[in-house]
Amino acid sequence: MSTRLAKGGRLIDRTTAYEFSFNGKRLKGYAGDTLAAALLANDQMLVGRSFKYHRPRGIVASGAEEPNALVNMGEGGRFEPNQRVTTTELFDGLTCRSQNHWPSLELDVGVLNNYAARFLPAGFYYKTFIHPRFAWKHVFEPVIRHSAGLGKAPKEQDADRYEQAYAFCDLLVVGGGIAGLQAALVAAQAGKRVWLVEQTAHFGGRAMVDGAEIDGQPVEAWVKATLAKLEGFDNVTIRARCMAAGSYDHGYVLLDEKIADHTPGDGRPRHRLWRLRAGQIVAATGAIERPLSFAGNDIPGVMLASAVRDYVVNFAVAPGDRTVVVTNNDDAYRTAIALKQAGLEVPVILDARATANGDLPAQARALGIRVETGKAIAKVKGGKRVTAVAICAQAGQGAVQEEIACDAVAMSGGWSPVVHLWSHCGGKLTWDAAQAQFVPNREQPPRNHDGSALVVTAGTASGLLTTAEVLADATASVGGAQAPAAQGPAEAAMEPVWVMPQGAPIALRAKMWLDYQNDVKVSDVQLAAREGYTSVEHTKRYTTLGMATDQGKLSNINGLAVLADSLSAAIPQVGTTTFRPPYTPVTLGALAGEARGEIFQPLRRSPVHDWHVSQRAYLEPVGLWQRPYCYPRPGETHEQAVHREVKNTRSNVGLLDASTLGKIIVKGPDAGKFLDMLYTNVMSTLPIGKCRYGLMCNEQGFLSDDGVVARIDEDTWLCHTTSGGSDRIHAWMEDWLQCEWWDWQVYTANVTEQFAQFAVVGPNARKVLEKLGGMDVSKETLPFMQWADGVLGGFRVRAYRISFSGELSYEIAVPASEGRAFWDALLAAGTEFGMMPYGTEGLHILRAEKGFIMIGDETDGTVIPQDLNLGWAISKKKADYLGKRGQERPYLAGTDRWTLVGLETLDGSVIEDGAYAVAPGTNANGQRNTQGRVTSTYFSPTLGKGIAMGLVKGGLARLGEVVEMTKLGGGTVQAKIVDPVFYDKEGAKQNV
Amino acid sequence: MLLLECPYCGVKAEETELSPGGEAHLKRFGPGSTAEEFEAYMFARKNPKGVHFERWRHAYGCGKWFLAARCTATLEVFGTYPAQTTEPPADIIDKIKAKRPDWKGWK
Amino acid sequence: MSDAMNTRITSALGGAVASGFASIREIGPQGMITLRAKPDVKGLAAAVKAVTGTKLPEARRIEVAGDKAAGWMSPDEYLLVLPYADVAAALATLAEELAGQHHLAVDVSDARAVFRIEGADAGQVLMKLAPADLSELEPGELRRTRIAQVAGAFWADEGGFTLVCFRSVAGYVMGLLSHSAKPGSELF
């Protein structure tokens with residue numbers, strides 16, 4: 001069993017006990033424990049089930065590489081699935097539950113999959129997708145959906161808050177081990193702005209467990225002193241619990257700082273995502289120990305050798321009473337020594353190498369530990385817990401020589417440098433055959449903006465193992481000269497062991513796990529190789545090796561070594577898969593940062609927004625603007641409200657908040673010439689005081705925006721754009737002025753938000769303004785398509801006689817700060833004339849009744865003005881305008897385009913949104929041919945029937961013809977092609 | 001997440017302060033141009049692996065368009081310069097030639 | 001300005017405030033003029049001096065004189081800051097001083113919202129929102145940048161920072177600033 005030892009534990013505080021619960025069971029731990037340590041201290045080795053076969057799974061590792069021990073953490077608003085117990089700091093009251101089991105962790109029916117393993121081979125999903133076809137939907141998927149999956153999705157809104165922050169430094173050191181500390185110190189002394197981040201709560205890294213002597217003092221003392229020195233520098237920022245998730249272009253690094261994971265509810269943000277820009281990055285990220293592939297290597301109790309001694313040394317937790325150590329290197333002897341020194345039994349060290357005569361094996365032997373060289377594990381015995389190992393020769397096929405009872409196995413297959421940050425933005429790797437590991441190829445680093453190496457590795461991440469080498473490398477990585485002296489045991493060479501024993505038959509290979517979380521075995525990779533998968537990237541996806549939430553931290557190298565062996569290729573020839581961020585998962589809350597709730601996106605509000613809200617207006621998004629769709633009265637549906645608003649505007653007077661309309665000032669000696677290029681018609685000849693409707697196209701000739709232009713003075717025009725288009729059109733203008741016609745003297749200014757602009761629309765519009773009093777708004781003084789500055793009701797206004805409704809209409813602009821007051825004044829003056837506000841849906845119906853096009857309805861980026869019968873707004877005289885050449889392309893100039901018509905159903909019904917006009921016959925895909933589509937369709941309250949605009953082949957030449965418009969769910973409705981101007985065809989009402 | 005120095009205001013702007021504008025040094029062809037010329041202007045893009053000239057706007061900063069010469073493979077930036085030019089400045093060409101001897105030139 | 005005018009002129013948020021480890025105030029209405037002209041335009045320096053009492057700012061700088069200021073926005077754009085009531089007269093002065101010169105001067109007082117972020121750690125609020133290196137922000141520097149998802153500009157002055165954004169997103173920016181200033185979320 002796993003237990004807490006009576007003494008020791010460098011990270012725990014035995015005077016502070018914490019209570020926590022696992023699957024409802026109340027357990028005790030100490031301050032300083034990780035959740036994994038506390039679980040092991042309570043003999044809770046079994047923590048979950050595997051993804052595919054639901055095999056019992058225990059804690060394997062002690063850090064970020066843990067593949068098995070993921071739990072559903074917390075409750076309610078602090079519930080989060082897939083949390084690693086090995087990186088979770090224990091706090092009082094922590095609750096967690098194991099996941100991926102049903103009905104319980106101890107008794108899981110899904111384990112039947114285990115016995116059906118031969119029916120769930122590599123590529124199972126791909127194979128079952130194909131045949132038999134019915135089986136996926138009716139057999140496999142329901143079964144898999146029920147039994148597969150990791151943690152549960154949270155149901156409640158996250159109770160915590162998150163934030164992001166930007167930071168800048170000359171040098172970022174990732175990893176707070178001795179290499180990182182040394183690199184940071186050298187850089188700090190050189191005066192660089194340094195950031196040092198460590199993903200755990202503690203500094204010193206592995207050296208603190210493994211021991212060493214630096215500068216003549218124990219490593220603990222050196223780490224403490226170095227940290228104190230670093231804290232004394234103003235140019236150094238140190239962050240613990242801060243994981244470097246990824247390195248990106250030009251030194252951009254995402255750091256996930258876990259501020260309050262261990263102090264939930266203390267009022268601080270839970271995580272902070274730092275968006276750091278570093279001049280250079282030192283990856284002192286250490287290395288991860290590799291498992292060995294022997295049969296039963298996934299049985300709870302089989303752990304990484306380094307993890308076993310971490311638990312003993314850091315937390316005084318013994319994963320087992322009797323631990324067999326199995327290794328291909330000297331380092332794992334440290335585990336045996338640590339166990340022995342803690343008073344625990346190590347029945348045997350199985351060393352796959354032929355000899356083991358280094359300092360550490362000598363020390364182990366001196367402690368009386370039995371060392372067997374050339375030996376391997378044939379098989380681990382046990383179900384939910386290791387009970388024994390069967391021993392064989394590494395060289396053979398697994399003939400059992402001896403069985404040794406034990407309750408834990410500490411394995412070590414060598415070390416893999418953590419090269420993620422090196423690789424994320426393009427650093428290349430090279431195979432180090434001596435250590436059997438991929439190490440950074442310093443000839444091909446990721447590049448910074450100036451071509452220099454963006455990332456350097458330091459210490460174990462460079463593939464170095466001894467303390468002296470590590471410190472020398474760390475010092476050199478930042479250009480330092482003098483590394484501290486270090487003492488430690490000499491280590492003999494490791495020997496790569498990819499399968500144990502070497503000649504293991506299929507029965508054993510089918511029980512050797514590579515990827516614990518995704519249940520990928522040695523036999524699966526070998527099957528993939530036999531089925532023709534030669535690329536490591538393909539094999540990864542086919543077998544799902546390394547695709548679990550641990551991203552192959554343990555399985556990657558072992559898997560590709562097996563693949564290389566199966567393909568009879570060298571490992572460097574097979575290559576490795578691409579390392580991609582994040583290094584460990586980053587919670588979505590941190591990525592969202594502050595962008596939640598009210599500030600999820602920058603909603604734009606008009607100066608009278610508060611009034612709309614106070615009137616319970618139904619708001620709709622127009623771009624990022626919040627605009628009233630309609631103002632429903634109590635008991636009214638939205639449709640009823642819209643119809644009332646339209647009828648009232650036609651019969652009395654309506655008031656529209658049109659403040660969102662884009663307004664751009666264009667001024668200068670060449671402004672007229674510029675606008676003549678920008679618009680399809682001529683703006684330079686517009687007389688001062690007048691307005692003209694204009695169209696803008698992109699260079700392909702497609703309609704991009706429209707609006708009314710007003711000539712303000714000799715060299716100033718004001719261009720109205722669509723509500724969604726002001727920023728885009730302003731940028732478009734600046735693009736041409738800066739990049740093409742930079743010698744033209746033109747200035748632009750986007751003054752959209754300077755003004756509140758309200759449309760007073762309807763037969764009584766003039767009466768309302770006259771009631772307000774001030775400027776002359778008569779037909780004679782201010783006729784249609786003119787504007788004037790003046791005063792209304794004591795407000796300084798600019799009034800435009802323009803109409804998007806066909807009614808007598810004034811659009812009146814006032815400074816935004818006076819917008820609300822002016823709106824109130826208009827409503828007060830309008831009461832006696834039946835004034836009602838109307839919203840965007842009313843606006844749409846009013847314009848559709850008049851056949852006015854709307855950018856985004858009648859246009860979709862493939863429509864030219866000529867398609868919309870707007871040829872009258874295109875100058876024939878101009879030699880050039882933006883889009884003119886594009887429109888001359890034969891397929892746009894042809895006669896078989898779909899062009900604008902009005903559509904009226906024969907039965908008066910409303911054509912469905914998005915309906916197509918069908919044509920006889922079918923196309924190559926067997927779909928009905930089409931000859932047009934609807935672009936705007938409404939019930940017209942004014943006319944009491946459905947009206948629509950659409951693009952139909954042949955257009956108005958087919959006036960009077962009847963076409964069939966599709967309906968959802970089948971069938972068609974007959975519609976007659978009519979003039980798109982449904983109301984007041986003469987335009988008499990707007991020109992009064 | 002590129003870092004490009006705006007040649008107008010000198011801010012070392014990260015990509016989120018910028019908006020991209022595609023390939024630089026395109027020649028506009030208007031009415032009267034041939035189909036081939038218009039196609040070259042409108043559609044044909046180089047998309048090289050290596051040295052490339054691009055348009056960027058310092059959208060959240062001074063609002064100015066500028067041009068950048070960079071390597072699309074290593075992300076090395078050779079320089080940025082104002083947009084009011086029809087060809088890359090000589091000093092940038094020299095810098096690229098020094099760093100990329102095999103470079104065939106910008107056209 | 002008459003009292004009647006005062007009551008009907010409202011800044012974007014009516015002077016909203018929030019407090020945390022830094023204090024946030026929406027101020028205004030603040031008079032502002034966008035002046036577009038190249039620095040070598042004849043009479044420009046005199047025109048700006050006449051309106052703000054400052055010299056023409058160098059690139060990325062803002063010159064402050066009491067309740068007036070002139071900021072550099074781009075190689076051909078300046079931001080003139082002055083009392084709201086003085087804008088009309090200032091525009092007339094600019095028109096007179098720059099008559100015959102190619103320029104554009106326009107009132108943008110109502111198109112903007114202005115915030116004060118104050119306190120010893122006020123800079124940390126901005127560090128959470130803007131991809132700008134505040135440690136390199138020089139005295140008198142006007143930094144135009146991104147504030148989370150919108151455009152903004154700020155400069156350091158006594159006791160904190162002044163931040164300008166567009167009026168329509170004032171509520172959004174207030175939300176950003178108050179979230180970022182929450183107690184317990186100090187960066188250092």
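Numbers restart at 1 for each chain; the letters A, B, ... are given by sequence-line order, proteins then strands.
The environment of A:K876 atom NZ is dense: over 12 non-hydrogen atoms of other residues, nucleotides or ligands sit within 6.0 angstrom. Within 6.0 Å of NZ on A:K673 lie more than 12 heavy atoms contributed by other residues, nucleotides or ligands.
Of the two parts of B:K99, only the side chain, counted from C-beta on, holds a non-hydrogen atom closer than 4.5 Å to a non-hydrogen atom of chain A. Contact annotation for B:S19: neither backbone nor side-chain heavy atoms come within less than 4.5 Å of a heavy atom of chain A. Only the side chain of B:R57 comes within less than 4.5 Å of a heavy atom of chain A; its backbone N, CA, C and O stay farther away. Interface remark: B:F29 contributes backbone atoms only to the contact with chain A (heavy atom separation under 4.5 Å). Proximity to chain B (any heavy atom under 4.5 Å) is restricted, for A:Y166, to the side chain, taken from C-beta onward. Proximity to chain A (any heavy atom under 4.5 Å) is shown, for B:M1, by both the backbone and the side chain. Heavy atoms of B:Y41 lying under 4.5 Å from chain A belong exclusively to its side chain. Using a 4.5 Å cut-off between heavy atoms, A:E888 touches chain B through its side chain atoms alone. Neither the backbone nor the side chain of A:L454 comes within contact range of chain B; no heavy atom of the residue lies under 4.5 Å from a heavy atom of that chain. Heavy atoms closer than 4.5 Å to chain B are found in both the backbone and the side chain of A:A731. Interface remark: A:Q700 contributes backbone and side-chain atoms alike to the contact with chain B (heavy atom separation under 4.5 Å).
Of the listed residues (A:P446, A:P890, A:G886), the one with the most heavy-atom contacts under 4.5 Å to chain B is A:G886. Taking B:A83, B:A59, B:P31 one by one and counting their heavy-atom pairs under 4.5 Å with chain A, the maximum is reached by B:P31. Counting heavy-atom pairs closer than 4.5 Å to chain B, the top-ranked of the candidates A:D880, A:N448, A:D735, A:D450 is A:D735. Comparing B:R28, B:R70, B:E14 by how many heavy-atom pairs each has under 4.5 Å with chain A, the most go to B:R28. Interface check for chain B: of the options A:Q738, A:R447, A:H449, the most heavy-atom pairs under 4.5 Å are formed by A:Q738.
The closest side-chain donor-acceptor pair between B:W106 and B:E87, if any, does not fall under 3.5 angstrom. A:S704 and A:N698 share no side-chain donor-acceptor pair at under 3.5 Å.
Below 30°, between 30° and 60°, or above 60°: for B:W103 and B:F53 the angle between ring planes is between 30° and 60°, a tilted geometry. Ring pair A:W741/A:W744 is parallel by interplanar angle, where below 30° counts as parallel and above 60° as perpendicular.
In this structure, CZ on B:F66 lies 11.0 Å from OH on B:Y81, to the nearest 0.5 angstrom.
Among B:R55, B:K64, B:Q84, the one residue that satisfies the side-chain contact (heavy atoms from CB on, under 4.5 Å) test with A:C739 is B:R55.
For the pair A:R604 and A:D727, the salt-bridge criterion is met [side-chain N within less than 4.0 Å of a carboxylate O]. Note on B:R100 versus B:E76: salt bridge recorded, some NZ/NE/NH1/NH2 to OD/OE distance being below 4.0 Å.
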